[in-house]
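Every number for a ligand or one of its atoms is a count from 1 in the order of the listing. Because only heavy atoms are used, hydrogens play no part in the values below, and waters and symmetry mates are left out as well, while side chains stay in.
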Amino acid sequence: MLSPLLSLLDARSRQVLDSLKNVHVEDQLSEFANLCKPSRIVVLGESKQDIHFIRGLAKVRHEETKLKIRGHTVHFDGYNDLARDVGSTKVLATPEIKLSKRINSIDRDKGLSEILGLLSGSMTGREMLVKFYCLGPTNSNFSLCAMQVSDSAYVMHSEDLLYRQGYEQFKKLNGSNQFFSFLHSTGELDGRNTTKNYGKRRIYVDLLANRVYSVNNQYAGNSVGLKKLALRLAISKANHEGWLAEHMLVAGVHPPGKERVTYFVGAYPSACGKTSTAMIPGNTIVGDDIAYLRIDRGKKCRAVNIEHGIFGIIQDVNAQDDPLIYKALTTPRELIFSNVLVSDRTPYWLGMGRDDIPERGFNFSGNWRKGKRDNDDAEVPYAHPNARYTMRLSELDNVDPKYDDGKGVVVTGVLYGGRDSDTNPPISEALDWDHGVYLGATLESETTAAIIGKTGIRRHDPMANIDFVVIPLGKYLENHFKFGHRLKNKPRVFATNYFLKREGKYTNSKLDKKVWILWAEGRIHGDYDAIRTPLGYLPKYEDLKGLFHEIFNKEYSKDEYDFEFNVRISKYLEKIGRMETAFEGENYIPEKFWKVLRNQKKELIQIGQSAGVDSLSPDFFSRKE
Ligand code: SPV
Ligand code: MN
């Protein structure tokens with residue numbers, strides 16, 4: 001072991017590191033120590049004691065504060081560090097690295113010199129914490145080793161809640177360098193323990209070294225390496241190895257009265273209903289954010305959740321709309337709230353369904369009282385719209401029995417969920433796999449608070465993965481086309497839109513999505529006929545009416561159906577126009593994609609002309625059958 005490293009380790013850390021027998025780990029830690037100049041390095045294994053140590057450290061250092069309910073703590077990221085910073089996240093580029101046009105990049109030498117400069121001495125007087133994790137279940141074909149190095153106990157605590165311990169898995173590398181590594185520093189802190197120099201927040205992804213550097217931030221989407229930083233590295237790795245790394249939920253759907261479970265994966269841009277789809281009452285959850293997909297020997301599609309926790313948006317979680325999460329948030333368990341309002345050691349968030357929100361307390365802006373204004377004279381809400389909670393999946397009553405199964409679950413349904421108020425119906429089924437890839441590739445979402453920038457603008461987000469696709473977009477789509485064609489039984493693909501509006505109001509309640517997903521599940525098993533339209537297969541009125549009645553004892557009127565499932569020709573053609581512009585700007589877009597687009601466009605134009613109207617009820621198409 002190198003001597004500068006040795007002098008910073010206590011006996012226990014030294015022993016933990018020695019037992020790994022991995023010279024690459026040691027070299028990297030020496031490098032990071034020389035760079036960040038910590039006063040001490042704590043290397044942790046995966047014992048209960050090690051996990052307990054981190055949890056305690058976060059409190060001792062006041063990175064987290066205890067709340068009233070046992071096990072609950074709160075963390076504040078800082079006034080200007082409350083969402084993923086896509087603009088400051090860049091791939092270190094060399095001439096041989098080809099990227100999607102939407103990924104920011106910086107010349108590798110220039111970027112390295114900048115970020116190493118920012119990290120230089122960043123841990124002076126502080127501890128460097130080191131832990132080993134596994135992306136995906138351990139001892140599995142899916143397992144990927146990842147090392148997190150950070151000076152933030154909150155980051156380490158989040159990793160412990162969100163990911164599987166991987167110290168023993170690392171030993172199985174037999175000294176190889178086949179692991180991801182993440183170096184993070186909060187940078188200089190102010191009196192509230194929040195990052196001072198957030199203007200110099202940088203997240204630089206080194207695909208050549210399987211490494212990501214992150215500095216001057218704390219928001220988990222920027223700081224927690226195994227989350228979105230690892231997703232970027234995994235997409236590049238998967239591209240070389242023939243599998244898929246996706247921004248997807250994994251859930252088991254259990255139709256009432258039937259003895260079967262059907263597993264779906266689903267890609268939804270941030271705040272488009274991903275967690276709540278995974279958490280639909282009656283479903284079992286495998287994962288709510290990131291999945292790896294592989295083809296097994298029987299040519300079936302298998303998926304694992306690479307996490308074992310949830311970092312969920314808390315806004316609008318209330319007893320009525322999200323009963324399972326609400327219960328978990330209001331009963332004792334190990335759980336971190338971030339960027340909520342705290343008053344009398346109790347957390348409050350937007351849309352929590354209480355009418356006794358205090359008029360003062362502590363929130364992301366510091367001391368808060370009703371009417372407080374920020375520097376731009378805008379009123380500061382009592383909690384941030386991107387406030388979150390972090391907890392283990394095993395805390396939930398509805399966790400799927402296979403959530404930690406190393407073989408993964410067999411996937412027979414894929415969901416792509418966009419967010420628009422005026423174009424897509426609540427649910428439709430792709431005509432075939434290629435059309436399904438097209439539905440994923442053309443996902444759009446009105447932007448939300450999860451990403452820095454203006455909210456409410458329509459954003460094109462292929463497979464909800466565009467921020468992370470560090471390969472050419474065309475290559476990424478080609479991988480999706482190929483993946484499906486290698487499968488024996490291709491999963492059915494569906495598109496959802498939970499955000500359709502009529503006269504400014506959402507046409508559905510949050511829980512209605514259960515009906516759409518049960519319809520999709522029934523389609524996979526041949527329970528329902530459907531109506532073929534140029535957009536895909538649409539449900540028949542009677543089937544939805546029956547499901548609404550059975551599930552909610554609710555009347556679903558023909559008028560609601562006609563409005564929701566109308567084929568809005570000019571709206572669709574506008575969307576196709578936006579897609580033509582978006583994809584013409586990218587390289588290597590597969591011909592298969594253009595073929596689907598052209599067919600759909602031609603069909604829509606022809607039908608519009610022959611019918612002489614702009615909006616067609618599904619009845620029009622069923623009459624044609
Ligand atoms: C998302 O924004 O997609 C999230 C939260 O899942 S973050 O960790 O910020 O990526
Ligand atoms: Mn996500």
Kindly assign one of parallel, tilted or perpendicular to the pair Phe499 and Tyr506, based on the angle between their ring planes and the thresholds 30° and 60°.
->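 Rings of Phe499 and Tyr506: perpendicular, as their planes differ by over 60°.
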Please list, in number order, the atoms of ligand 1 under 4.0 Å from a heavy atom of [X].
X      : result
Ser270 : 1 (C), 2 (O), 3 (O)
Gly221 : 7 (S), 8 (O), 9 (O)
His247 : 3 (O)
Tyr219 : 5 (C), 7 (S), 9 (O)
Asp289 : 6 (O)

Pairs where residues 264-293 contributes a residue and the test salt bridge (Lys or Arg N to Asp or Glu O under 4.0 Å) is met, not counting sequence neighbours =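 Sorted result for residues 264-293: Lys227-Asp289, Lys228-Asp289, Lys274-Asp289.
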Donor-acceptor pair, Ser105 side chain versus Leu92 backbone, under 3.5 Å?
->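 Here the side-chain-to-backbone pair does not exist.
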Do side-chain atoms of Asp206 reach the backbone of Asn210 as a donor and acceptor pair under 3.5 angstrom?
->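 No; judged by distance alone, with no hydrogens or angles, the pair does not exist.
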Counting no waters, what protein N/O/S atoms lie under 2.8 Å from the Mn ion (ligand 2)?
->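 Only Lys228 NZ, His247 NE2, Asp289 OD1 fall inside 2.8 Å of the Mn ion (ligand 2).
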Heteroatom proximity flag, Lys227 to ligand 1, N/O under 3.5 Å |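 In fact, backbone or side chain, Lys227 has no N or O that close.
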Sole residue of Phe362, Phe364, Trp368 in ring pair (Phe, Tyr, Trp, His ring centres under 6.0 Å) with Phe76 |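 Between Phe76 and the candidates, ring pair (Phe, Tyr, Trp, His ring centres under 6.0 Å) is satisfied uniquely by Phe362.
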Ala319: partners by side-chain contact (heavy atoms from CB on, under 4.5 Å), with sequence neighbours left out =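 Scan of Ala319 (side-chain contact (heavy atoms from CB on, under 4.5 Å), adjacent residues dropped) gives Tyr326.
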Taking only residues two or more places apart in sequence or in another chain, which ones pass side-chain hydrogen bond (donor to acceptor under 3.5 Å, both in side chains) with Gln148?
->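 By the side-chain hydrogen bond (donor to acceptor under 3.5 Å, both in side chains) rule, Gln148 matches no residue at all.
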Contact with ligand 1 for Lys274, non-hydrogen, under 4.0 angstrom |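 Contact check Lys274 vs ligand 1: negative.
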Between Arg232 and Phe468, is NZ or CZ placed under 6.0 angstrom from the six-membered ring centre and within 45° of the ring axis?
->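 No - Arg232 does not lie over the ring of Phe468 by the 6.0 Å and 45° rule.
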Would Lys90 count as a cation-pi partner of Tyr204, with NZ or CZ less than 6.0 Å from the six-membered ring centre and within 45° of the ring normal?
->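 Output no; distance or angle outside limits.
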